[in-house]
Amino acid sequence: QRLELRQDYKAGERCAVDYAGMTVPVYEDGVLKQAQIFVGALYGSHLLYFEATESQQLDHFLSSHVRMFEYFGGTPQCLIPDNLKSGVKSALWYEPGINRAYQ
């Protein structure tokens, strides 16, 4: 017998955000650089947002969120970052420490 865990989410309720594990090569002013890939995924609709950024630093992380919200046409009720240091200071199961700027 096949086991399943069905989770139903309302559209716009939750959005998971993280950076993809691999970088991609990009040219900027003729110089080859490695770009980080920011990813946002809405749970209910499976709408995805991808963006190449210079780094995973806080300013790039927050700016990517702004552009993602503009692309989605709004903000979800809940953001779920995957323990990225730019968003989460301390990863505790019930009371994670969220970066003040990200809050």
Side-chain angles (χ1 to χ4, degrees):
Q1 181 179 14
R2 183 175 163 198
L3 298 176
E4 292 184 14
L5 173 60
R6 183 169 179 84
Q7 297 179 337
D8 293 320
Y9 299 104
K10 297 175 186 159
E13 182 179 47
R14 296 178 186 197
C15 179
V17 294
D18 201 0
Y19 283 90
M22 300 177 70
T23 60
V24 295
V26 295
Y27 282 94
E28 184 177 342
D29 299 326
V31 177
L32 179 64
K33 297 180 178 183
Q34 293 298 313
Q36 304 288 323
I37 304 300
F38 174 86
V39 180
L42 287 175
Y43 277 41
S45 65
H46 303 289
L47 184 62
L48 300 174
Y49 176 80
F50 297 92
E51 176 181 286
T53 62
E54 186 176 329
S55 75
Q56 296 184 18
Q57 296 298 317
L58 182 61
D59 57 336
H60 294 121
F61 183 63
L62 296 177
S63 296
S64 292
H65 277 73
V66 170
R67 289 184 290 275
M68 177 183 71
F69 296 148
E70 290 171 349
Y71 175 76
F72 288 159
T75 59
Q77 293 175 356
C78 177
L79 287 171
I80 304 169
D82 190 22
N83 292 331
L84 178 70
K85 292 292 182 191
S86 294
V88 181
K89 293 187 301 185
S90 59
L92 300 173
W93 186 259
Y94 293 105
E95 292 291 329
I98 304 299
N99 181 314
R100 182 180 292 274
Y102 189 47
Q103 283 182 338

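Only a predicted model underlies this, so the values are computations on that prediction, with no experimental measurement involved.
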Notebook entry, point to check: Which residues satisfy the side chain to side chain contact (heavy atoms under 4.5 Å, CB included) test with A101, sequence neighbours excluded?
Noted result: L58, L62, N99

Notebook entry, point to check: How would you list, by chain and number, every residue that makes a side chain to side chain contact (heavy atoms under 4.5 Å, CB included) with K33, sequence neighbours excluded?
Noted result: V26, E28, V31

Margin query: Measuring only between side-chain heavy atoms, which start at C-beta, is I37 closer than 4.5 Å to V24?
Written below: yes

Contacts table for residues 44-57: side-chain donor-acceptor under 3.5 angstrom, sequence neighbours left out:
residue: S45; atom: OG; partner: L47; partner atom: N; Å: 3.3
residue: Y49; atom: OH; partner: E51; partner atom: OE1; Å: 2.3
residue: E51; atom: OE1; partner: R67; partner atom: NE; Å: 2.8
residue: E51; atom: OE2; partner: S64; partner atom: OG; Å: 2.6
residue: E51; atom: OE2; partner: R67; partner atom: NE; Å: 3.4
residue: E51; atom: OE2; partner: R67; partner atom: NH2; Å: 2.8
residue: T53; atom: OG1; partner: S55; partner atom: O; Å: 3.0
residue: S55; atom: OG; partner: Q57; partner atom: N; Å: 3.1
residue: S55; atom: OG; partner: H60; partner atom: ND1; Å: 2.7
residue: Q56; atom: NE2; partner: Q36; partner atom: OE1; Å: 2.7

Item checked: For T23, all residues meeting side chain to side chain donor-acceptor pair (under 3.5 Å), sequence neighbours excluded -> Q34

Item checked: L42 side, atom CG; C15 side, atom SG - distance, nearest 0.5 Å -> 5.0 Å

Margin query: Can you list, by chain and residue number, the hydrophobic cluster partners of V66 when the side-chain cut-off is 4.5 Å?
Written below: none

Notebook entry, point to check: By the rule that ILVMFWY residues connect when side-chain heavy atoms come within less than 4.5 angstrom, directly or transitively, which residues belong alongside L32?
Noted result: Y27

Checklist line | Minimal non-hydrogen separation, Y43 against A16, with atom names | finding: CE1-CB, 3.5 Å

Next item on the list: Please list, chain by chain and in numerical order, all residues satisfying ring pair (Phe, Tyr, Trp, His ring centres under 6.0 Å) with Y102, sequence neighbours excluded.
Entry: F61, H65

